[in-house]
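One structure below.
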Amino acid sequence: MVRQPVTVNGVTRWRDAEPDGVAVAETGEAKAVVMRQEIGDVLRSIRQAEGRTLRDVSHGARVSLGYLSEVERGQKEASSELLASICDALDVPLSAMLGQVAERVAVAEGLRVPDTVPTEFQREFAPGAVPDGVPDDLAREEFARSCG
């Protein structure tokens, strides 16, 4: 059996697949989630997306390179203080990193993760962000084309 990357809602996970590339059928059972593994995967993806090295981030977070590597591989459980320090070194809010972890956990649990904020919440918490109707200066057919 081999593992291959699968991306759902911008979250990349590794799924078991047969040698011919066909994904193994899900059993319907909830998969056990190891939080340290999910946190490590997210930290690694953020670091790599920024083009940063383990050495650079470990220096900025004031943690040994070996320990940071173990955290990224899910072998060590980092304290909240250490996670905050790593996120600070990566210039990413702790809440944003934990939000990505929460999305990964939801996917692992089989929950549907919306990729947008529901309109009702936007109207309640960010008034004016969602128009209540079609702007007058925008032709309806043009509006329909842009939405379709």
| Rounded distance (nearest 0.5 Å) linking atom SG of C87 with atom CG of L98 | 6.5 Å
| query | How many angstroms lie between CZ in R104 and CE in M35, if you round to the nearest 0.5 Å? | reply | 10.5 Å
| query | So if you build clusters from Ile, Leu, Val, Met, Phe, Trp, Tyr with side-chain heavy-atom gaps below 4.5 Å, do V34 and I39 land together? | reply | no
| request: Could you tell me the separation between the CD atom of Q48 and the OG1 atom of T53, rounded to the nearest 0.5 Å? | output: 11.0 Å
| message | Is there a path of hydrophobic side-chain contacts, each under 4.5 Å between heavy atoms, that joins L54 and L82? | response | yes
| note | Residues at least two apart in sequence or cross-chain that pass salt bridge (Lys or Arg N to Asp or Glu O under 4.0 Å) with R44, listed by chain then number, are D41, E72
| query | Which pairs pass salt bridge (Lys or Arg N to Asp or Glu O under 4.0 Å) with one or both residues in residues 50-65, sequence neighbours excluded? | reply | E50-R52, R52-D56
| Those residues that, when tested against S64, pass side chain to side chain contact (heavy atoms under 4.5 Å, CB included) (two or more places apart) | Y67
| task | Run the numbers on L43 and L83 for side chain to side chain contact (heavy atoms under 4.5 Å, CB included), then give the verdict. | result | CA-CA 9 Å; L43 288 173; L83 289 175; 4.0 Å; yes
| task | Just jot down the side chain to side chain contact (heavy atoms under 4.5 Å, CB included) partners of S58, sequence neighbours excluded, or say none. | result | V63, L65, L68
| Got a sec, which residues hit side chain to side chain contact (heavy atoms under 4.5 Å, CB included) with S45, two or more places apart in sequence or on another chain? | Q100
| said: Using every non-hydrogen atom in the two residues, find where A61 and S85 come nearest and quote the distance to one decimal. | reply: O-OG, 2.7 Å
| field | Qualifying residues under side chain to side chain contact (heavy atoms under 4.5 Å, CB included), relative to E77, sequence neighbours excluded | value | R36
